[in-house]
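First comes the structure, then the notes that go with it.
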There are 2 protein chains.
Amino acid sequence: MDVFLRDCPTRAVLDLIAGKWTMLVLVALEDGRPMRFAELRRRLDGVTSKVLTQTLRALEREGLLTRSVYPTVPPRVEYRLTRMGREVGGLVQSITDWSQANIAAVQAAREEFDGRSQHPSPGSAS
Amino acid sequence: MDVFLRDCPTRAVLDLIAGKWTMLVLVALEDGRPMRFAELRRRLDGVTSKVLTQTLRALEREGLLTRSVYPTVPPRVEYRLTRMGREVGGLVQSITDWSQANIAAVQAAREEFDGRSQHPSPGSAS
DNA sequence: CGGTATCCATCCCGATACTG
DNA sequence: CAGTATCGGGATGGATACCG
């Protein structure tokens, strides 16, 4: 049982989270409140129906969320995290929280790194 | 400052973490012990030199790790997390820990989901 | 409303070979 | 040892159109 091994099943969980929208879905639903499809799509700025569906299906398959269909007209579909999903969601949220708190330092590091990359040689300037 | 917005800079951090090998690098270095290039490559089963280099450069650029070159023969290069890197590394590790603890339940959910997908109709079985 | 179907760009990643 | 160079494939994600 070692995440670092190529075929360790735990890697599948990391691969799932690595999806472009997965973390945002988990955070959006982390408070336990169910959300409808269109509501999620509006919240996740830039996501398309197709990709959102793929993301939700993948999370449902891993047992992290449930999909409830109410056969009304118009149809109503709600998504909510399972207990496992809320656990992972909380952990992911701590990462997004960190990002928001430290984004300035990250951006500063980025600019300094990019600046250094341009120097042909440090002593050549006047 | 909203991660859900398409152009929010905090999204860059999520995109970084979404890299296939990023989380594993962070976990490998999370205890603060520096590691050499070859040591990391051995630890991350399946990674190639090129991709490992890309991953490390990206993390360095965001200010999450430092690269130290000792001009000896043969060359010695050490990577270690910065304070910010250790912070994120700790959060990421909590996710890998969760994966290891819950992988059985995840696999069970996966099999049940895949099973259900095959039923043409639930009542047709003998 | 809540999706699918189809097509397509892209880009990440991997294999291989080579260098200081 | 610690990379870089080059090439290429395959999956992921996006745009558009359409359906129950």
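The chains referred to below are lettered A, B, ... by the order of the sequence lines, with proteins before strands, and numbering in each begins at 1.
- One interatomic measurement links the two molecules: CG of B/Leu16 to P of C/dC11, which rounds to 17 Å at whole-angstrom precision.
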| request: Report the C-alpha separation of A/Thr96 and B/Val13 in whole Å, then their side-chain angles, then the decisive distance to 0.1 Å, and conclude whether the side-chain contact (heavy atoms from CB on, under 4.5 Å) test is met. | output: CA-CA 8 Å; A/Thr96 61; B/Val13 177; over 6 Å; no
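- Residues from residues 61-73 of chain A lying near DNA chain C, meaning a heavy-atom separation below 4.0 Å, are A/Arg67 in numerical order.
- Regarding A/Arg76, its CZ atom lies at a distance of 13 Å from the P atom of C/dG3, rounded to whole Å.
- The side chain to side chain donor-acceptor pair (under 3.5 Å) analysis of residues 55-67 of chain A, with sequence neighbours excluded, yields the pairs A/Arg61-B/Asp114, A/Glu62-B/Arg110, A/Arg67-A/Tyr79.
- Here CG of B/Leu24 is found 10.5 Å from CG of B/Leu40. Values are rounded to the nearest 0.5 Å.
- Following rounding to the nearest Å, B/Tyr79 (OH) and D/dA2 (C1') show an atom-to-atom distance of 7 Å.
- B/Glu60 places its CD atom 15 Å from the P atom of D/dA2, with the value rounded to the nearest Å.
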| task | Run the numbers on A/Tyr70 and A/Val77 for side-chain contact (heavy atoms from CB on, under 4.5 Å), then give the verdict. | result | CA-CA 6 Å; A/Tyr70 303 92; A/Val77 179; over 6 Å; no
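- Annotation: salt bridge (charged side-chain N to carboxylate O under 4.0 Å, His left out) contacts involving residues 68-97 of chain A, sequence neighbours excluded, comprise A/Arg76-A/Glu78, A/Glu78-A/Arg80, A/Arg83-A/Glu87.
- Checked against salt bridge (charged side-chain N to carboxylate O under 4.0 Å, His left out), A/Arg43 has the following partners two or more places apart in sequence or in another chain: B/Asp2.
- Rounded to an integer number of Å, the gap from B/Lys20 NZ to C/dC13 P is 7 Å.
- Listed by residue number, A/Arg36, A/Phe37, A/Ala38, A/Ser49, A/Lys50, A/Thr53, A/Arg57 are the residues of residues 21-58 of chain A with a heavy-atom contact under 4.0 Å to DNA chain C.
- Under a hydrophobic clustering in which Ile, Leu, Val, Met, Phe, Trp and Tyr are joined whenever their side-chain heavy atoms come within less than 4.5 Å, directly or via other members, B/Phe113 and B/Val106 fall into different clusters.
- Applying the salt bridge (charged side-chain N to carboxylate O under 4.0 Å, His left out) test to pairs two or more places apart or on separate chains, those with a residue in residues 7-34 of chain A are A/Arg33-A/Glu39.
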